[in-house]
Amino acid sequence: MEAMDMPLLNAYLDSLGTPSFRTGVNFAQAGCSITPAKPTSVSPFSFGLQIKQFFAFKNKVTKLLSEGDMHSRYIPQQDYFSEGLYTFDIGQNDLAGEFYSRTEDQVIASIPTILLEFENGLKKLYDQGARKFWIHNTGPLGCLPQNIALFGKDPSQLDELHCVAKHNRAAKLFNLQLHALCTKLRAEFDGASITYVDIHTIKYSLIANYSRYGFEHATQACCGYGGPPLNYDGNVPCGHTVSLDGKMVTAKGCSDTTEFVNWDGIHYTEAANFHIASQILTGKYSDPPFVDKMPFVIKPRF
């Protein structure tokens, strides 16, 4: 959005007051999954529910537009729904959650079910007029400090980047099948544009070559507890103060976030995301590629 010199998207559920949804709306939720949420899920707002929220939003906008121009400053025009870009970055939580109770083979076996749910959601959007789809694959799951701390205690389970090998294998297989799904849907969705974006390659290259890109820590959390090499403790989330082994401890942020690829053990820092966005905007990591067509360049910040 910054590269296009447009305002950041407001969240759908943050709609008290008068937020503007004129240039788009964000239905993303922290911790959500593609597959339907269970009672134990981190977030109830799984993909299917987000789709329903989108349709509720669309219906509300259609009704408001029929009442005249009084809301035009805050809501999209009707043709925006067919002309708009529908962006998806989801699936990592499905894989991550499976590893807590299943073997690698079982996680891999669940991928078609996850992607069938995703496909059904895309079809609902297409049937309602969506035509431009922008689909991110998932990143190297095994390189997140959270997963290294939990699943990488045995050095034999780590790959050459000291990431959890089984998590990265599952992420790669998920991406292969997601790529195949995008290719299939291009043949089925008449008049649609479906762009598959290889976030995995960008992120893996960043972690493998972090110093070349100006970072000092590839798999150590900036905001965490425990110190090097990971600075991650699942009992002490970023920003929290808890009692640990009889004493109060706090997971604080580092002094310079631009030195770190990872923010809190799960998410990337703003500096890392800036690098990732810059690479996406080259068009080289997309299928179909759009190297010659990308008019946007994100302004340097770090």
Side-chain angles (χ1 to χ4, degrees), residues 1-15 18-29 32 34 45 47-91 118-137 178-179 181-199 276-299:
M1 298 302 285
E2 289 177 359
M4 293 186 285
D5 200 26
M6 292 173 70
L8 301 183
L9 298 182
N10 284 310
Y12 170 67
L13 288 181
D14 189 22
S15 51
T18 52
S20 174
F21 297 123
R22 185 167 175 79
T23 56
V25 56
N26 186 357
F27 294 89
Q29 290 282 338
C32 73
I34 292 174
F45 296 96
F47 186 53
L49 185 52
Q50 291 178 20
I51 298 287
K52 289 179 180 178
Q53 289 178 328
F54 168 74
F55 290 141
F57 173 76
K58 185 181 178 184
N59 290 337
K60 182 74 170 178
V61 166
T62 302
K63 181 176 182 295
L64 290 172
L65 288 171
S66 70
E67 297 173 359
D69 295 334
M70 67 185 85
H71 306 292
S72 60
R73 288 167 49 203
Y74 306 107
I75 58 174
Q77 297 300 300
Q78 193 64 44
D79 63 337
Y80 287 15
F81 291 100
S82 57
E83 294 294 326
L85 181 63
Y86 292 74
T87 308
F88 308 88
D89 188 315
I90 194 169
F118 186 58
E119 179 180 358
N120 289 337
L122 296 182
K123 284 181 175 176
K124 288 176 182 176
L125 291 168
Y126 177 79
D127 290 341
Q128 285 275 339
R131 290 297 179 267
K132 298 180 177 72
F133 298 86
W134 176 280
I135 300 171
H136 291 177
N137 70 8
L178 177 63
H179 197 180
L181 173 62
C182 291
T183 303
K184 183 184 98 147
L185 293 180
R186 277 193 207 106
E188 295 180 5
F189 286 6
D190 186 43
S193 168
I194 301 173
T195 303
Y196 170 88
V197 186
D198 185 8
I199 299 288
I276 294 161
S278 299
Q279 294 302 301
I280 291 170
L281 291 174
T282 66
K284 294 186 296 185
Y285 297 93
S286 295
D287 178 32
F290 52 87
V291 178
D292 300 326
K293 302 175 186 175
M294 173 50 75
F296 305 113
V297 178
I298 195 164
K299 297 176 183 67

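For His71, there are no ring pair (Phe, Tyr, Trp, His ring centres under 6.0 Å) partners, not counting sequence neighbours. Listed by chain and residue number, Tyr126, Phe133 satisfy the ring pair (Phe, Tyr, Trp, His ring centres under 6.0 Å) test with Phe189 (two or more places apart in sequence, or in another chain). In this structure, Gln77 has no side-chain hydrogen bond (donor to acceptor under 3.5 Å, both in side chains) partners at least two apart in sequence or on a different chain.
Surrounding CG of Asp5 are at most 12 heavy atoms belonging to other residues, nucleotides or ligands under 6.0 Å away. For Lys132, the NZ atom sits in a packed shell: over 12 heavy atoms of surrounding residues, nucleotides or ligands are nearer than 6.0 Å. Counting heavy-atom neighbours within 6.0 Å of Asp127 CG, excluding the residue itself, gives a total above 12. Other residues, nucleotides and ligands place no more than 12 heavy atoms under 6.0 Å from the CG atom of Asp190.
Under the 4.5 Å side-chain criterion, counting only non-hydrogen atoms from C-beta, Asp198 is not in contact with Asp287. Inter-residue side-chain proximity for His179 and Asn137 is flagged as unmet; no heavy-atom pair is nearer than 4.5 Å. A heavy-atom distance below 4.5 Å is not found between the side chains of Leu181 and Ile135. Residues Leu64 and Glu67 are in side-chain contact: their nearest non-hydrogen atoms beyond the backbone lie under 4.5 Å apart. Gln128 is not listed as a side-chain neighbour of Lys124, based on a closest heavy-atom distance of 4.5 Å or more. Considering only heavy atoms from C-beta on, Leu125 comes within 4.5 Å of Phe88 through its side chain.
Using a cutoff of 4.0 Å between basic side-chain nitrogens and carboxylate oxygens, Arg131 and Glu83 are not scored as salt-bridged.
Phe54 pairs in a ring pair (Phe, Tyr, Trp, His ring centres under 6.0 Å) with only one of the listed residues (Phe47, Tyr12, Tyr86), which is Tyr86. When the options Tyr74, Phe57, Phe27 are evaluated for a ring pair (Phe, Tyr, Trp, His ring centres under 6.0 Å) with Phe21, the one that passes is Phe57.
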